[in-house]
Amino acid sequence: MQVSIACTEHNLKSRNGEDRLLSKQSSTAPNVVNAARAKFRTVAIIARSLGTFTPQHHISLKESTAKQTGMKYRNLGKSGLRVSCLGLGTWVTFGGQISDEVAERLMTIAYESGVNLFDTAEVYAAGKAEVILGSIIKKKGWRRSSLVITTKLYWGGKAETERGLSRKHIIEEIVRAMTHVINQGMAMYWGTSRWSAMEIMEAYSVARQFNMIPPVCEQAEYHLFQREKVEVQLPELYHKIGVGAMTWSPLACGIISGKYGNGVPESSRASLKCYQWLKERIVSEEGRKQQNKLKDLSPIAERLGCTLPQLAVAWCLRNEGVSSVLLGSSTPEQLIENLGAIQVLPKMTTHVVNEIDNILRNKPYSKKDYRS
């Protein structure tokens with residue numbers, strides 16, 4: 001389980017003299033605030049495992065387009081927070097795979113392209129990703145009120161009391177703690193990540209029962225080969241309690257990028273020792289089947305005048321229930337290419353989507369669909 005906090009306020013404080021997104025503990029707040037270590041306007045997102053729910057409904061989130069950049073903005077669920085439909089993630093890259101200079105270049109490209117959502121976590125590069133992200137924002141002098149920054153809490157330090165979601169680290173009663181964070185002015189909204197629909201409904205029920213604040217969004221994995229939760233479970237939650245979707249890994253950790261069509265390149269993420277699980281997934285029988293499907297999708301991308309990654313990201317964006325798709329890029333060229341998916345989105349007609357579904361043959365169906 002983890003907690004993400006999206007920040008939109010000032011004052012990048014530091015711990016041990018370093019610029020961080022998360023600042024020192026407040027002496028007046030409980031340890032939930034110590035764990036958050038933030039003096040920002042925030043959206044908190046808490047994570048667990050996947051689960052099941054039922055029917056599927058059409059969702060239409062209010063959308064607007066920035067005239068200068070072409071970036072589209074959607075409400076985060078039924079909340080009033082407006083987020084760019086594409087965000088920039090820092091997993092693997094910031095503090096690890098790329099230099100600080102490249103990280104700054106990526107953030108600059110994203111910001112100038114209209115991206116206002118940046119995602120990180122306390123565990124990414126052992127905290128370095130947070131430091132780098134914070135120092136770049138401070139160096140650039142970007143208005144904090146123009147940014148939404150998420151960070152996930154769970155793993156923390158090595159000691160038993162420095163990780164997990166007990167009250168010592170972030171919460172004992174998650175809903176009560178998040179309500180406290182919001183009431184203290186550190187957060188505007190909170191949500192979940194990798195929770196089951198049943199767990200989210202339980203959190204909502206607890207909030208309503210004890211007059212506290214319920215979650216507004218769920219952060220979930222979503223791409224061509226991972227569909228059920230976002231397409232079947234979350235629409236029901238959106239219509240019942242207003243929970244929106246913030247999705248990650250639109251290229252399935254690079255599997256959909258096309259780089260693994262002929263094996264695992266030495267410079268790729270799957271070649272890293274700590275990503276042996278990704279390599280095993282790619283070379284598995286299922287992985288080979290996925291690569292064959294990607295080859296079948298390539299003609300569609302060519303016909304639409306885009307790359308396969310752009311098609312994959314646009315495919316995620318075509319789901320109107322998705323508030324924002326988090327991108328992960330290790331080079332400026334990759335990021336620019338993926339941001340280009342905005343231009344492909346208008347081409348994602350019903351006919352094109354059906355073509356893709358016919359190739360993938362993995363469209364999930366709810367119980368309501370089966371009954372009909």
Side-chain angles (χ1 to χ4, degrees), residues 1-8 12-15 18-23 32-38 40 42-50 76 83 87-98 100 103 106-107 110 115-137 147-159 162-166 169-171 174 177-178 181 186-187 189-195 215 217-222 245-251 253-254 269 272 274-275 277-278 324-330:
M1 197 194 299
Q2 66 194 28
V3 177
S4 298
I5 298 185
C7 311
T8 59
L12 291 174
K13 297 296 183 181
S14 64
R15 196 172 58 175
E18 296 178 304
D19 291 318
R20 290 180 68 88
L21 287 172
L22 304 181
S23 63
V32 57
V33 181
N34 179 30
R37 297 190 300 277
F40 305 106
T42 65
V43 173
I45 304 176
I46 306 177
R48 272 190 206 170
S49 57
L50 301 178
L76 186 58
V83 294
L88 180 64
T90 61
W91 180 38
V92 184
T93 52
F94 282 42
Q97 200 175 27
I98 63 176
D100 293 1
L106 292 177
M107 285 193 65
V115 171
N116 71 357
L117 176 61
F118 298 89
D119 181 74
T120 185
E122 62 174 355
V123 74
Y124 292 175
K128 291 181 181 179
E130 288 183 341
V131 174
I132 294 170
L133 190 61
S135 63
I136 292 172
I137 292 172
L147 302 175
V148 177
I149 302 168
T150 62
T151 188
K152 289 167 283 294
L153 304 177
Y154 172 82
W155 302 273
K158 296 181 180 180
E162 293 178 331
R163 51 192 168 84
L165 288 177
S166 65
H169 182 65
I170 176 67
I171 46 172
I174 295 173
M178 291 298 98
V181 169
M186 297 180 186
Y189 311 93
W190 75 275
T192 60
S193 178
R194 302 185 71 180
W195 277 33
C217 62
E218 158 68 7
Q219 195 177 79
E221 182 178 4
Y222 185 49
M246 183 188 299
T247 67
W248 51 277
S249 199
L251 300 183
C253 294
R269 180 182 301 182
L272 302 176
C274 57
Y275 287 91
W277 58 269
L278 179 58
S324 187
V325 175
L326 299 175
L327 304 174
S329 303
S330 58

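We use all heavy atoms of the structure for the numbers below, so side chains are in, but hydrogens, waters and symmetry mates are not.
- Contact annotation: the side chain of Met246 never approaches that of Val83 to less than 4.5 Å [non-hydrogen atoms, C-beta and beyond].
- Tyr275 places a side-chain heavy atom less than 4.5 Å from the side chain of Val92.
- Here the closest non-hydrogen pair linking Cys253 and Leu278 is O-CD2, 3.6 Å.
- Nearest heavy atoms, Ser324 versus Gly87: OG-N, 3.7 Å.
- Closest approach of Ala125 and Gly95 over heavy atoms only: CB-O, 3.6 Å.
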For this session: Check the pair Leu106, Ile98 against side-chain contact (heavy atoms from CB on, under 4.5 Å), reporting the backbone distance first and the verdict last.
Result: CA-CA 10 Å; Leu106 292 177; Ile98 63 176; 3.6 Å; yes
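- Ile137 is listed as a side-chain neighbour of Ile149, based on a closest heavy-atom distance under 4.5 Å.
- Two residues are said to be in side-chain contact when any heavy atoms from C-beta on lie closer than 4.5 Å; Ser329 and Thr93 fail this criterion.
- A donor-acceptor pair is defined here as one N or O able to donate and one able to accept, closer than 3.5 Å; such a pair exists between the side chain of Glu218 and the backbone of Ser193.
- Closest approach of Ala110 to Leu88, counting heavy atoms only: CB-CD2, 4.2 Å.
- Under the 4.5 Å side-chain criterion, counting only non-hydrogen atoms from C-beta, Phe94 is not in contact with Thr120.
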For this session: Mind running side-chain contact (heavy atoms from CB on, under 4.5 Å) on Asp119 and Gln219 for me, showing each step along the way?
Result: CA-CA 11 Å; Asp119 181 74; Gln219 195 177 79; 3.5 Å; yes
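- If you take CE on Met107 and CD1 on Ile132, they are separated by 10.5 Å, rounding to the nearest 0.5 Å.
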For this session: Decide yes or no on side-chain contact (heavy atoms from CB on, under 4.5 Å) for Ile174 and Trp190, but give the supporting numbers first.
Result: CA-CA 10 Å; Ile174 295 173; Trp190 75 275; 4.0 Å; yes
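- Judged by distance alone, with hydrogens and angles left aside, the side-chain atoms of Thr247 form no donor-acceptor pair with the main-chain N or O of Ala220 at under 3.5 Å.
- Using a 4.5 Å heavy-atom threshold, the side chains of Val148 and Leu76 count as separate.
- Contact detail for Ser330 and Gln97: the closest heavy-atom pair is CB-OE1, 3.9 Å.
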